[in-house]
J.: 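I'd like to ask some things about the structure below.
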Amino acid sequence: MKKSFIKRLLIFLMVIIIFSLLYIPLFKDTKFGLDLRGGFEVLYQVERSDGKDISKSDLNSTYDVLKRNVDSLGVTEPEITIEGNDRIRVKLAGVTDIEGARKALSNVANVSFRDVDDKLLMDASVISGAKLSYDESGKPAISLLVADKEKFLDVTTEISQRTNGENLMVIWYNFTPGVNSFSKDQETCGNEGSLCLSAATVSQGFSSDVIITGNFEKNQAEQLATSINAGSISTKLTEISSQNVDASYGEGVLTQTFVSGLFGMILVIIFMSILYKFSGLISGLNLFFYMLLVMGVFWLIGGVLTLPSIAALILGIGMAVDSCVITNERIKEELRSGKNLAISYENGNKESWSSIFDANITTLIVAIVLFIFGESSVKGFATMLIITIFATMFVMVFINRIILKKFVSTKYFDDKPNTFVKFKNKNNKILKINATSLIKKCFIITGIYLVIGLVFLVVNGFNLGIDFRAGTDVTIKADDISENKVKKDFKELGYETVIVEKQENDETYVVLNSELDEDGINKVGNYFEDKYNATTEINVVTNLVKQDLIKNAIYSVLIAMVGIIIYISFRFKFSYAISSIIALIHDVLFVMILFSLFKIEVNVIFIAAILTIVGYSINNTIVVFDRIRENKRKIKGKLTKENLKNIVNDSISGTFTRSIYTTLTTLIPVICLICFGAKGIYTFNIAMLFGLCAGAYSSILLAGQIWYLIESRKLNKK
């Protein structure tokens with residue numbers, strides 16, 4: 001029995017060590033965002049120069065132009081994404097020449113038609129585009145749509161009369177005299193990545209649309225048509241937001257965040273071991289499997305690790321531990337009732353399943369809403385959150401239970417179950433909470449806070465960040481630089497400062513009223529680098545982006561609430577859904593009032609935090625409601641008000657320890673990130689700190705009591 005236990009423990013520890021070694025190559029291959037590596041991000045509004053509505057084809061062709069321009073920079077892992085119907089976002093992590101990158105991106109693409117001696121025959125104005133076609137034998141070809149038929153006829157007639165080898169019309173993409181030449185590129189002409197797109201033999205003059213034939217594969221023909229379109233479209237790019245992060249600034253943030261996250265994870269493992277002894281230790285160590293799975297999936301889908309996605313990962317650790325806390329608390333209840341360890345373990349796992357499942361599904365609803373309506377950094381957060389939810393179900397529920405069952409089956413803990421999971425205290429008494437007797441007090445205290453807080457919120461408003469008021473913010477990292485110096489410097493540069501705040505780690509945060517253009521960004525960055533040897537992060541948001549962010553934020557919160565109401569109504573009853581939403585509104589208002597009171601900046605990541613609080617708070621409430629539903633089923637005969645009181649009081653008493661423990665295990669990594677993490681996710685972590693406390697309060701002292709009032713009114717009506 002003892003030998004079997006030791007053998008399995010050694011195997012488990014060896015597997016943990018082996019899997020932990022996989023982190024080294026995994027992190028080496030992980031792509032880091034520009035907030036962790038430094039670099040440049042820009043969001044373009046795409047419009048047609050002729051004023052017509054932009055089409056999907058125009059957008060795709062412009063995307064191709066940007067892709068080719070980025071390729072010319074030699075950036076290894078660029079991110080270029082189409083957003084909505086008329087925007088393209090470009091992220092260039094690791095690029096150091098930001099000024100050069102911005103100029104390269106804005107280069108106008110053009111297609112030209114030349115002879116074999118590189119002499120210009122026609123420009124893109126003679127055609128209106130190209131598309132995939134097929135020749136007479138059914139092979140892929142390119143259909144060239146001719147706009148200026150007279151010019152095209154003259155040129156093709158003249159070329160057709162030249163000798164063989166000279167009667168070629170060479171199609172170029174962004175031809176540069178002195179740099180490009182057909183004589184040098186004829187071997188690669190038509191190959192992927194070549195600026196020499198095609199060298200077509202002309203046998204006669206054409207006054208109509210023509211077909212370019214060759215030994216094309218379908219994808220080659222499509223690519224050539226796209227390249228021709230990219231060089232012949234009439235679109236213009238307007239920069240509507242941007243972010244510049246110095247490389248050394250990004251590297252410092254990465255180290256800072258990694259250390260704080262690792263420290264938080266170690267503290268969670270220690271905390272779990274103290275709370276639940278052996279089962280807590282094993283569950284804590286399984287976090288290494290959990291983290292490896294999350295990072296592995298994130299790497300497989302080509303995810304880019306950013307500060308918001310790290311925040312989601314740290315939050316995911318707390319939610320993963322929550323599933324273990326729910327299960328262990330159920331096992332403890334079974335052991336207190338006198339059952340042996342094997343039966344208690346089986347029953348505890350079975351009884352905890354519905355709570356874990358419902359809690360994770362409601363959080364998944366929030367994550368999906370975030371992914372649909374969020375912009376780039378919030379999408380990254382949502383992607384990581386979705387992965388952590390599935391990893392929780394697989395590792396911390398399925399795998400963790402199998403591993404612990406192997407240890408239970410050794411019978412090593414049969415005569416000492418308190419060592420497997422700590423279930424006895426000094427008096428061996430379960431805390432009893434008469435929650436329904438506190439209804440009036442809780443409602444009065446909560447009502448007073450919300451009324452006064454909302455009045456303060458209406459009068460003073462929020463300290464809105466750049467995301468929600470448009471303008472420019474600059475973070476300057478330099479030794480020996482004061483707020484007064486910074487104010488004078490910006491005055492000298494000709495910019496009015498709204499906020500100048502000295503932060504920790506020698507950072508100064510500045511908000512400008514004006515939206516800096518390309519020249520302004522370069523001027524500010526170069527000024528502080530030359531004068532103070534400073535590193536800078538510069539963000540610019542236009543009024544257009546601000547309006548969309550506000551609209552999407554409102555949609556996100558409303559749709560998440562509706563989704564939760566529908567799911568809880570389906571899984572429970574409508575009275576549970578209404579109680580949950582009232583509790584969630586309390587949690588959201590609680591956080592918003594505190595942000596207004598302490599003048600903490602509200603930015604786009606704040607919306608992600610609010611929706612995460614919604615998901616996490618409903619997680620707590622679901623556990624209480626699951627117990628209420630379970631206890632309600634035990635009532636035989638007609639329900640009375642006294643029955644309802646007992647159901648609520650017993651349910652809250654039975655889940656109280658779990659609610660406190662799971663809040664603490666999530667608070668640990670959040671507090672570590674507040675104390676040691678990067679400023680980029682400071683807003684998120686502060687919101688989570690307030691939200692977790694509000695969520696624990698509402699799930700214990702509001703949600704169940706609201707459900708009791710609704711259900712007791714139904715009894716009166718009946």
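Reckoned from all heavy atoms, side chains included, excluding hydrogens, waters and symmetry mates.
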J.: Would Lys405 and Glu346 count as a salt bridge (Lys or Arg N to Asp or Glu O under 4.0 Å) if you check the C-alpha gap in whole Å, the side-chain angles of each, and the deciding distance to 0.1 Å?
T.: CA-CA 9 Å; Lys405 189 174 182 179; Glu346 290 295 327; 3.3 Å; yes

J.: Between Phe394 and Tyr290 (judged by ring centroids, cut-off 6.0 Å), do the two rings come close enough to count as a pair?
T.: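 No: the rings miss the under 6.0 Å criterion.
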
J.: Looking only at the side chains, is there a donor atom on one of Ser279 and Tyr345 sitting less than 3.5 Å from an acceptor on the other?
T.: no

J.: Check this for me: does any side-chain nitrogen of one of Lys645 and Asp650 sit under 4.0 Å from a carboxylate oxygen of the other?
T.: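 Here Lys645 does not pair with Asp650 in a salt bridge, since their nearest N and O are not under 4.0 Å apart.
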
J.: Using the six-membered ring of Tyr276, assess whether NZ or CZ of Lys422 lies under 6.0 Å from its centre and within 45 degrees of the ring axis.
T.: no

J.: Short question: side chain of Ser309, backbone of Thr306 - any donor-acceptor pair under 3.5 Å?
T.: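 Yes: the side chain of Ser309 pairs with the backbone of Thr306.
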
J.: Are any of the side-chain nitrogens in Asp322 or Arg658 under 4.0 Å away from the carboxylate oxygens of its partner?
T.: yes

J.: At their closest point, which heavy atom of Ser580 faces which heavy atom of Ile568, and how far apart are they?
T.: OG-CD1, 3.5 Å

J.: Ser352 and side chain to side chain donor-acceptor pair (under 3.5 Å): which partner among Glu329, Arg401, Arg330?
T.: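 The passing option is Arg401.
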
J.: I want to check a possible cation-pi pair here: Arg629 against Phe572, using under 6.0 Å from ring centre and within 45° of the ring axis as the test.
T.: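 So Arg629 does make the cation-pi contact.
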
J.: Minimum heavy-atom separation for Tyr708 and Lys641, please, with both atom names.
T.: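 Here Tyr708 and Lys641 meet closest at CE1-O, 3.8 Å.
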
J.: Quick check: closest heavy atoms across Ile674 and Asn685, and the distance to 0.1 Å?
T.: CG1-CB, 3.4 Å

J.: Say whether Asn620 and Ser617, considering side chains only, have a donor N or O and an acceptor N or O under 3.5 Å apart.
T.: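 There is no such pair between these side chains.
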
J.: Donor-acceptor pair, Asn360 side chain versus Ile356 backbone, under 3.5 Å?
T.: yes

J.: For the residue pair Asn347 / Glu334, report whether a side-chain donor-acceptor contact shorter than 3.5 Å exists.
T.: yes

J.: Below 4.0 angstrom, N of the basic side chain to O of the carboxylate: do Arg627 and Glu333 qualify?
T.: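 Yes, Arg627 and Glu333 are salt-bridged.
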
J.: Going by side-chain contact (heavy atoms from CB on, under 4.5 Å), name the residues that satisfy it together with Ala694, two or more places apart in sequence or in a different chain.
T.: His586, Asp587, Phe590

J.: Looking at Ser355 and Ile326, what are the two nearest heavy atoms and their distance?
T.: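 Result for this residue pair: CB-CG2, 4.3 Å.
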
J.: Scan for side-chain hydrogen bond (donor to acceptor under 3.5 Å, both in side chains) pairs involving residues 383-399, sequence neighbours excluded, and state none if there are none.
T.: none

J.: Considering only NZ, NE, NH1 and NH2 on the basic side and carboxylate oxygens on the acidic side, decide whether Lys714 and Glu711 come within less than 4.0 Å.
T.: yes

